[in-house]
Amino acid sequence: NQNPCGMCWAFGTTSVLESAILIGEGTTHNFSEQSVGLCVDRSWTYLYDAWDDPCMSGGNVFKASEVFIKKGAAAETCNQYDTSALQCNGTCVCDTCPAVKKVDGVRLVTNDGSQIETIKNAVYQEGPVTVSYFHDDAHMYTDPTYGTIYDQYPNPDEANHLVSIVGWDDAVP
């Protein structure tokens, strides 16, 4: 639960890294989203220029991945998610948690949400992926079999949320 912060970009990207390691290496990790939020490159000044930043500043998969490339992913036990520590009035500093895992890059599947087959194939072939989209609660419904479903296609070009796609089932209504 990221609330009250807008840290979906850190949660979504971190979950994909955790999943990739589980699939590729068979080991389970719980990485720190807090560390991602605090350790983003300071040249992204808008992430740190308000009293509630980086809590409400927003971000994306590339900023989070850059932390995993430069600093590495830290364990959740080293820096647990604490929204009050992400509202630091310009005084945030990167933690000193040691890297558990580093990555050497990020791969963009597509920038076009209409390329559904491309996205689906990436999930099938590579594992979980992140997706950015414009979220509006009016497009959510609950199905008794599948749970909560978000259905807005096509989605507006402007994104305000990032999640992980961990599977694909064309049978879902």
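Since the structure is predicted, the reported quantities are computational estimates derived from the model, not experimental observations. Residues: numbered from 1 along the sequence shown.
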Looking at every non-hydrogen atom in both residues, tell me the closest pair between [X] and [Y] and how far apart they are.
X: Met140; Y: Thr148; value: CE-CG2, 3.2 Å
X: Ala85; Y: Gln34; value: CB-NE2, 3.4 Å
X: Ser35; Y: Ser32; value: N-OG, 2.9 Å
X: Val16; Y: Ser164; value: CG2-OG, 3.6 Å
X: Glu117; Y: Lys120; value: OE2-NZ, 3.2 Å

Give a yes or no on whether [X] and [Y] share a hydrophobic cluster (residues Ile, Leu, Val, Met, Phe, Trp, Tyr; joining criterion: side-chain heavy atoms under 4.5 Å apart).
X: Val100; Y: Leu38; value: yes
X: Ile23; Y: Val166; value: no
X: Val36; Y: Val103; value: yes
X: Phe68; Y: Tyr81; value: yes
X: Ile119; Y: Val163; value: yes

Nearest 0.5 Å, please: how far is CG in Asp52 from SG in Cys88?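 Between Cys88 SG and Asp52 CG, I get 9.5 Å after rounding to 0.5 Å.
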dist Thr77:OG1 -> Asn30:CG (nearest 0.5 Å) comes out at 8.0 Å
Is any side-chain heavy atom of [X] closer than 4.5 Å to a side-chain heavy atom of [Y]?
X: Leu162; Y: Val61; result: yes
X: Phe11; Y: Asn1; result: no
X: Val40; Y: Pro54; result: no
X: Gln87; Y: Met56; result: no

Is it true that a side-chain atom of Ser19 and a backbone atom of Ser15 form a donor plus acceptor pair closer than 3.5 Å?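 Present.
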Any donor-acceptor pair under 3.5 Å linking the side chain of Gln2 with the backbone of Met7? yes
Atom pairs and distances, side-chain donor-acceptor, residues 127-136, under 3.5 Å, sequence neighbours left out:
{"from": "Tyr133", "atom 1": "OH", "to": "His135", "atom 2": "ND1", "distance (Å)": "3.0"}
{"from": "His135", "atom 1": "NE2", "to": "Asp137", "atom 2": "OD1", "distance (Å)": "2.7"}
{"from": "Asp136", "atom 1": "OD1", "to": "Ala138", "atom 2": "N", "distance (Å)": "3.0"}

Test question: given the 4.5 Å side-chain rule for I, L, V, M, F, W and Y, name all other residues clustered with Ile149, or answer none. Tyr141, Tyr146, Val172
Could you walk me through whether Lys70 and Lys102 pass side chain to side chain contact (heavy atoms under 4.5 Å, CB included), step by step? CA-CA 8 Å; Lys70 290 182 175 179; Lys102 288 184 107 174; over 6 Å; no
Candidate pair Tyr153 and Ser114, rule side chain to side chain contact (heavy atoms under 4.5 Å, CB included), full reasoning: CA-CA 9 Å; Tyr153 185 81; Ser114 70; 3.3 Å; yes
Checking Thr91 against Asn89: is there a side-chain donor and acceptor pair closer than 3.5 Å?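 Result is no, nothing qualifies.
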Using only heavy-atom distances, determine whether the side chains of Thr14 and Glu33 contain a donor-acceptor pair under 3.5 Å.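 Checked: Thr14/Glu33 side chains show no N/O donor-acceptor pair below 3.5 Å.
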Carboxylate-amine/guanidinium contact [X] [Y], below 4.0 Å:
X: Lys101; Y: Glu18; value: no
X: Lys71; Y: Asp95; value: yes
X: Glu66; Y: Lys63; value: no

Check whether more than 12 heavy atoms from other residues, nucleotides or ligands sit under 6.0 Å from atom CG of Asn111, and answer yes or no. no
Is atom CG of Asp170 surrounded by more than 12 heavy atoms (other residues, nucleotides or ligands) closer than 6.0 Å? yes
Please assess Asn121 against Trp168 for the test side chain to side chain contact (heavy atoms under 4.5 Å, CB included), listing each intermediate value before the final yes or no. CA-CA 9 Å; Asn121 286 333; Trp168 198 285; over 6 Å; no
Thr110/Thr118 under side chain to side chain donor-acceptor pair (under 3.5 Å): CA gap, chis, key distance, verdict: CA-CA 8 Å; Thr110 181; Thr118 301; over 6 Å; no
Holding to ring pair (Phe, Tyr, Trp, His ring centres under 6.0 Å), I want the full list of residues that pass it with Phe31, two or more places apart in sequence or in another chain. His29
